[in-house]
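Here the structure comes first, spelled out in structure tokens, and everything after it is commentary.
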Amino acid sequence: MNKQELGPIARAVAKPGLREAYEVERVCREYEESPEYRIGCELLDGLTQELGISAEQAAALLSGSTRPESMEVLSRRAAATLAELERAGSLGRPAGEYLQESAFQKLLCELPAAAAVRVFEAERMAREAGKQAGTDAEQAVLEKIRARRSLPAPLRNATPVSAEEDFANMPSEEFERFKQRYFSR
């Protein structure tokens, strides 16, 4: 079949320029509907939101041509997590105060941001409880000393008392009561 025998629509489609444009459009549509394309877009969107980087930087990160510095990624990820925790009301104080503490910064290098907040708060509460327990212990010792000083002092020397009955120095009424108790068993 040559072009003369084709109808007007077939001749228009058979033109090289129009046919190529149609093929390009079809291939693009198929590509954009493919699972690979959709997954790639989701990955790029996730990286841009999670790391706070541009789509070009995320694409470069995925392709392996460039990598952002690890501290930059950690900082952005931690900042995003802290901001999210602050919005949710899960932080005991503003996020900026956490970031000013060097102990918290060290924890961020070792743990994810949410875990670092929990560990930092637990350590801070333990320190405060230890300080409070230390002052409470000192106060308890001082109170015991004061209580001992306020006890009446014995008039005689503290001579040890024997558990055995002293019949020689016992008054007779007391001796009679002892006999009653001892022999009534």
Side-chain angles (χ1 to χ4, degrees), residues 39 42-55 57-58 61-62 64 66-185:
I39 290 172
E42 288 177 17
L43 281 173
L44 286 175
D45 289 344
L47 284 174
T48 56
Q49 290 174 358
E50 184 178 347
L51 302 178
I53 57 179
S54 68
Q57 289 173 326
L61 181 66
L62 285 175
T66 61
R67 292 180 183 236
E69 295 179 22
S70 60
M71 287 308 291
E72 180 184 340
V73 171
L74 283 175
S75 299
R76 288 181 182 184
R77 195 175 277 175
T81 303
L82 285 174
E84 184 179 318
L85 289 172
E86 191 172 28
R87 278 192 301 273
S90 301
L91 297 180
R93 48 193 169 149
E97 289 182 26
Y98 286 103
L99 295 172
Q100 291 174 355
E101 300 281 340
S102 62
F104 182 73
Q105 292 171 3
K106 289 177 185 174
L107 284 173
L108 277 179
C109 292
E110 299 170 7
L111 301 169
V117 168
R118 288 193 306 266
V119 169
F120 182 75
E121 285 297 323
E123 287 177 350
R124 186 179 61 80
M125 291 174 78
R127 278 193 307 273
E128 288 177 4
K131 287 178 186 177
Q132 184 65 27
T135 57
D136 288 347
E138 291 172 10
Q139 193 68 23
V141 168
L142 288 174
E143 287 177 15
K144 285 180 184 178
I145 291 172
R146 285 188 200 120
R148 286 184 185 153
R149 284 184 185 163
S150 67
L151 288 175
L155 297 176
R156 287 191 266 161
N157 277 345
T159 57
V161 178
S162 173
E164 297 178 7
E165 299 289 337
D166 184 13
F167 296 113
N169 294 326
M170 188 182 288
S172 55
E173 298 97 32
E174 194 175 330
F175 181 70
E176 289 299 321
R177 283 192 300 251
F178 176 76
K179 282 190 332 184
Q180 293 285 330
R181 279 193 317 251
Y182 186 74
F183 292 116
S184 66
R185 293 185 196 176

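No experiment lies behind these values; they were computed from the predicted model shown. Hydrogens, waters and symmetry mates are skipped; everything else that's a heavy atom, side chains included, is used.
By the 6.0 Å contact criterion, CE on Met170 is enclosed, its count of non-hydrogen atoms from other residues, nucleotides or ligands being greater than 12. The neighbour count for Glu84 CD, taken as heavy atoms of other residues, nucleotides or ligands under 6.0 Å away, does not exceed 12.
Salt-bridge formation is not detected for the pair Arg118/Glu121: no Lys NZ or Arg NE/NH1/NH2 atom is positioned less than 4.0 Å from an Asp or Glu carboxylate oxygen. Taking the charged nitrogens against the carboxylate oxygens, Glu128 and Arg124 do have a contact shorter than 4.0 Å, which makes a salt bridge.
The shortest heavy-atom contact between Glu97 and Glu101 is O-CG, 3.5 Å. Between Ala114 and Thr81, the shortest heavy-atom distance links the atoms N-CG2, 3.9 Å. Nearest approach of Phe120 to Ala103, heavy atoms of both residues: CE1-CB, 4.0 Å. Contact record, Val117 with Leu82: CG2-CD2, 3.6 Å, taken as the closest heavy-atom pair.
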